Amino acid sequence: QTSLDSSLKKLTKYTRYLLAKDVYVLRIRIEFTIQNKSLSQAEQSPILTELLRVGQSAQPLCWLRGYLLRWDQYDCPQRQSRQTYADLTLFFEYQPKLQDVNLTEMLKLYLTKFITRYNEKKKLSNTVNEVHCSMRSCNVFSPKTELRQHVLKIETIDKDLRKSFMKYYLPYFCFLDFFIRWVEMGNAKKIKRYTRGQESKPKKNSTQKDSE
């Protein structure tokens with residue numbers, strides 16, 4: 001109970017930071033696989049980390065304010081196995097141009113370009129170890145009507161929507177992390193199922209990012 005309370009407290013603090021500005025929230029499922037084989041969490045995690053890191057210099061991930069990440073599994077009848085995927089909740093800082101674009105489609109296009117470049121860099125293209133990826137968008141939180149959207153805009157002035165997100169989604173997120181058992185432990189190594197982004201540190205000057 002103490003651990004759950006502590007986790008929720010940290011998650012709440014981070015989410016308050018994310019919602020301190022107007023944001024668009026997307027919840028997506030990303031899965032990386034190779035031919036006829038499901039990749040483990042340990043194998044997928046570095047690819048996803050690189051996606052989030054490299055994507056900071058391109059649209060739409062350059063507008064990313066932060067994220068919440070959970071690893072989960074589902075039964076795959078075709079492969080008769082349990083497949084691992086990343087349950088990723090993305091928070092994009094509001095930009096006027098985002099009103100005129102399909103954020104989900106833009107993200108899918110970027111993901112396709114990223115995985116092509118990744119395979120080329122690792123010399124995996126056209127081999128049995130070529131990495132494939134799939135992305136599926138889903139409602140931010142289906143049980144609650146106002147959160148049941150693929151792209152949810154949360155404005156700072158919309159206190160009711162912000163409160164609803166904090167009250168319903170965050171406890172659900174923590175509950176899944178603590179109480180839904182990870183089925184495939186493999187060598188019994190404990191899997192870190194939940195991670196989040198970091199709060200941005202104030203820049204010393206406007207050219208700091210360009211010089212890094």
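These numbers come from the heavy atoms of this one structure, side chains and all, not from hydrogens, waters or symmetry mates. Keep in mind the model is a prediction, meaning the values are calculated, not measured.
Checked by atom type and distance alone, the side chain of Q41 never pairs as donor or acceptor with a backbone atom of W71 at under 3.5 Å. T12 places a side-chain N or O within donor-acceptor distance of the main-chain N or O of L8, the cut-off being under 3.5 Å.
Taking all atoms of both residues into account, the shortest heavy-atom contact from S57 to C62 is C-CB, 4.5 Å. Between A86 and L48 the shortest heavy-atom distance is CB-CD2, 3.7 Å. The two atoms that bring L88 and I30 nearest to each other are CD2-CD1, 4.3 Å, heavy atoms only. Across Q44 and T84, no two heavy atoms sit closer than the pair NE2-O, 2.8 Å.
Listed by first then second residue, pairs satisfying ring pair (Phe, Tyr, Trp, His ring centres under 6.0 Å) with a partner in residues 29-56 number zero, not counting sequence neighbours. Sorted by first and then second residue, the salt bridge (Lys or Arg N to Asp or Glu O under 4.0 Å) pairs involving residues 128-146 (not counting sequence neighbours) form an empty list. Within the structure, the side-chain hydrogen bond (donor to acceptor under 3.5 Å, both in side chains) test picks out the following pairs touching residues 87-107 (sequence neighbours left out): R27-D87, R65-E93, T89-Y169, Y94-Q99. The ring pair (Phe, Tyr, Trp, His ring centres under 6.0 Å) contacts involving residues 33-57 comprise nothing, where partners must be two or more places apart or lie in separate chains.
In the hydrophobic clustering of this structure, L61 does not group with L109; members are Ile, Leu, Val, Met, Phe, Trp, Tyr whose side-chain heavy atoms approach within less than 4.5 Å, directly or through other members. Using a 4.5 Å cut-off between side-chain heavy atoms of Ile, Leu, Val, Met, Phe, Trp and Tyr, with links allowed through other members, I47 and V54 fall into the same hydrophobic cluster. The same ILVMFWY cluster, assembled from side-chain heavy atoms under 4.5 Å apart, contains both F92 and V101.
Legend: residues meeting ring pair (Phe, Tyr, Trp, His ring centres under 6.0 Å) with Y110, ordered by chain and number and at least two apart, are absent. Under the side-chain contact (heavy atoms from CB on, under 4.5 Å) criterion, T112 pairs with no residue, sequence neighbours left out.
Remark: aromatic rings of Y172 and F141 are close, center separation under 6.0 Å.
Checked options I28, L26, L107; the residue passing with S137 is I28 (criterion: side-chain contact (heavy atoms from CB on, under 4.5 Å)).
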Exercise. What's the verdict on side chain to side chain donor-acceptor pair (under 3.5 Å) for E31 and Q83, showing C-alpha distance, side-chain angles and the deciding distance?
Worked result: CA-CA 8 Å; E31 181 184 359; Q83 306 283 105; 2.9 Å; yes
Exercise. Step by step, would you call E50 with K121 a salt bridge (Lys or Arg N to Asp or Glu O under 4.0 Å)?
Worked result: CA-CA 12 Å; E50 185 166 342; K121 186 175 79 169; 2.5 Å; yes
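The distance from atom CD of Q56 to atom CH2 of W63, rounded to the nearest 0.5 Å, is 14.5 Å.
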